[in-house]
Protein chains: 2
Amino acid sequence: MARIAGSSGPRTEEAIRRAGLQLLYTHGYAAMSLRQLAAEVGIQQGSLYNYFRNKQEFLFDLIRTHMQDLHAALDAALLREGSAAERLQRFVEFHVAYHIERPQQVFICYSELRSLEPDNLEVIVAMRRDYERKLGAILDLGRETGEFQLADTRMGTLAILAMLSGICNWYRPDGRLSTDAVQAIFTGMVLALARGEGEAAVQAPPAPLTRLAARLR
Amino acid sequence: MARIAGSSGPRTEEAIRRAGLQLLYTHGYAAMSLRQLAAEVGIQQGSLYNYFRNKQEFLFDLIRTHMQDLHAALDAALLREGSAAERLQRFVEFHVAYHIERPQQVFICYSELRSLEPDNLEVIVAMRRDYERKLGAILDLGRETGEFQLADTRMGTLAILAMLSGICNWYRPDGRLSTDAVQAIFTGMVLALARGEGEAAVQAPPAPLTRLAARLR
DNA sequence: GTCTATAGATGGATAGAC
DNA sequence: GTCTATCCATCTATAGAC
C-alpha cells in the first residue's frame, strides 16, 4: 500500500484520506496511530502535520465531509412531489444505495461520534438531526394523507434509519444479493412497516417478561 | 465514585465490572485506560491484575457473560408454542425490554467486537449467530403458515434486529415514552413489517439514484 | 513538502514488600 | 489482596535541516 516517497500535495492528501478511512474503519479512532497512517500513505509520521493540525481535526474533517456529501446526495435524489409512499420509496432506495457504496464512511460516522470533542460533536449531531427530519417529514405527510398508519412517526423514523443503516454492518459486494435486490427488499419492508397497522397478536401485558429479564441481570 | 481502599475480593470484582462497563460505554476499549478503571474502583492500577490476566481478557469476559445472559433470558421468555405472530411479538417484547434495561452492555457487545482478538471474536460471533437463528426460525415458521409475507427471511432477521437494537442508541429512562409504550410501538412496527406485502409505490428502476450518489462520491 | 530526531506524556504489564 | 515503584513500549506533536 506504500506510495512513492516524495509524491506531493494533492496526491498525498487524497492518499491520507483513503488510508485514514480504512484504518478508522478497521481499528477505530483511538486505536489508529498516526504512525500506521503515515506508513500506509508512504510518508513519515511528522509529515502528516502538513495536512491537519492534529488527529482530532482529521477525524472531524472526514466525518463532516461525509455528512455534507450525504445531504447533498439526498437533496438531489429526493422527490419533492408525489405521494408519501413514493417519496418514502425514493428515500429508502437512496439511503440503501448510499450505504452500500460507502460502508466505511457510514460506519465511521456512527461509531466515532464518541471520539469527537464536544464542539465538533455538536456540529455533526445537528447535521444528523437534519437528515432525520427529512425522513420524519415524509412519515408525517403519509400520516396526514392516510397512506401510513404509524403509531408514532418519531419512533418510525428511528426504526427505519436503524434498520437501513444496519446494512453497512453485513452487506458484502460479493454476497448473495445485488444492490438492486437489497433495495427492493428493504423498500418492501419499510413500506409495509409504514402502512401496516400491526395490531398485536397477543393481548397479555409483557410485564412478566421484563421481570424475567431483570431476574437474570 | 471512589470506593473504600482495602475493600476486598468479591466486592472489588463487582466494582471493577461496573466501572469497566461504564468506561467501555463512554470511551471505548482502546481509549479506556486501566489507570482510569482503577481510579474509578478506588484501587491502584497494579491491583487490577488480581482480577484478570490482561485488558483483552477483561473485555472478553464482559462480552461473553452478557451474551450468555442474553441467551438464557431469551430462552426463558420465548414461547415454544403459539402462532408465529405470537412468538414474534414475544421476541420483540423481550428484546426491547432487555435492551432498554441494559443499554450499556448491549452497546458494548456491538461496538467492541472489533476490539476482540480473533479467537475471542469467533466465540462471540457464534453466540450472536445463534441468537439470530432463533428469530430467523420464527420468521421461517410464519412464512410456512402464511402469516408472514416477507420477501426474504434472512434480510427480515437482520432488519428487525438492527431496528430493535438501535433502541439502545436513543432510549432514555426519562424520555417521552415508557418501556411499555416502546414495546407496544415496536411490536406493531415489526408485525406490520413481517405481515405486509409492501408492494412498491413506484415501478421505475432505482438505477439513476445510484448513479447520482456515485457522482458525488 | 518531506525528512530525521526528539520532547513529553501515557499506556499495559510486572516485581516485590506488606 | 493491595500497595508502591518501575520497566518498556507507544503515542501525539513539535523543531529544524534539506
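Every chain is numbered from 1, with letters handed out A, B, ... down the list of sequences.
- Atom P of nucleotide D:dA5 and atom CG of B:Leu48 are separated by 18 Å, given to the nearest angstrom.
- The CZ atom of A:Arg11 sits 13 Å away from the P atom of C:dG1 (whole-angstrom rounding).
- With sequence neighbours left out, the side-chain contact (heavy atoms from CB on, under 4.5 Å) criterion links A:Ala162 to no other residue.
- Between the side chains of B:Glu112 and B:Ser115, at least one donor-acceptor pair of N or O atoms lies under 3.5 Å.
- Spacing between atom NE2 of A:His27 and atom C1' of D:dC11 amounts to 15 Å, rounded to whole angstrom units.
- Taking 4.0 angstrom as the limit, A:Thr12 places a side-chain polar atom (N or O) nearer than this to OP1 or OP2 of C:dT2.
- Cation-pi contact between B:Lys134 and B:Phe91: absent, since separation from the ring centre below 6.0 Å together with deviation from the ring axis within 45° is not met.
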Enumerate donor-acceptor pairs with a distance under 3.5 Å from any side-chain N or O in residues 166-173 of chain A to protein atoms, sequence neighbours excluded.
unit_1	atom_1	unit_2	atom_2	d
A:Trp170	NE1	A:Gly166	O	3.4

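- Look at CZ on A:Phe58: it is 17 Å from C1' on D:dC11, rounded to the nearest Å.
- Taking atom CG of B:Asn50 as the reference point, atom P of D:dT2 lies 6 Å away to the nearest angstrom.
- Salt-bridge annotation for A:Arg18 and A:Glu40: absent, with no side-chain N of the basic residue lying under 4.0 Å from a carboxylate O of the acidic one.
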Revision key, fill the gap. Protein-proximity profile, nucleotides 12-18 of chain D, B/S/- by nucleotide at the 4.0 Å heavy-atom cutoff, equals BBB----
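- A:Ile43 has its CD1 atom 11 Å from the C1' atom of C:dC3, to the nearest Å.
- With distances taken from any side-chain atom of A:Gln44 to the nucleotides C:dC3, C:dG1, D:dT2, the minimum falls on C:dC3.
- If you take CD1 of A:Ile16 and C1' of C:dT2, they are 11 Å apart, rounded to a whole angstrom.
- Two residues are said to be in side-chain contact when any heavy atoms from C-beta on lie closer than 4.5 Å; B:Arg64 and B:Met67 fail this criterion.
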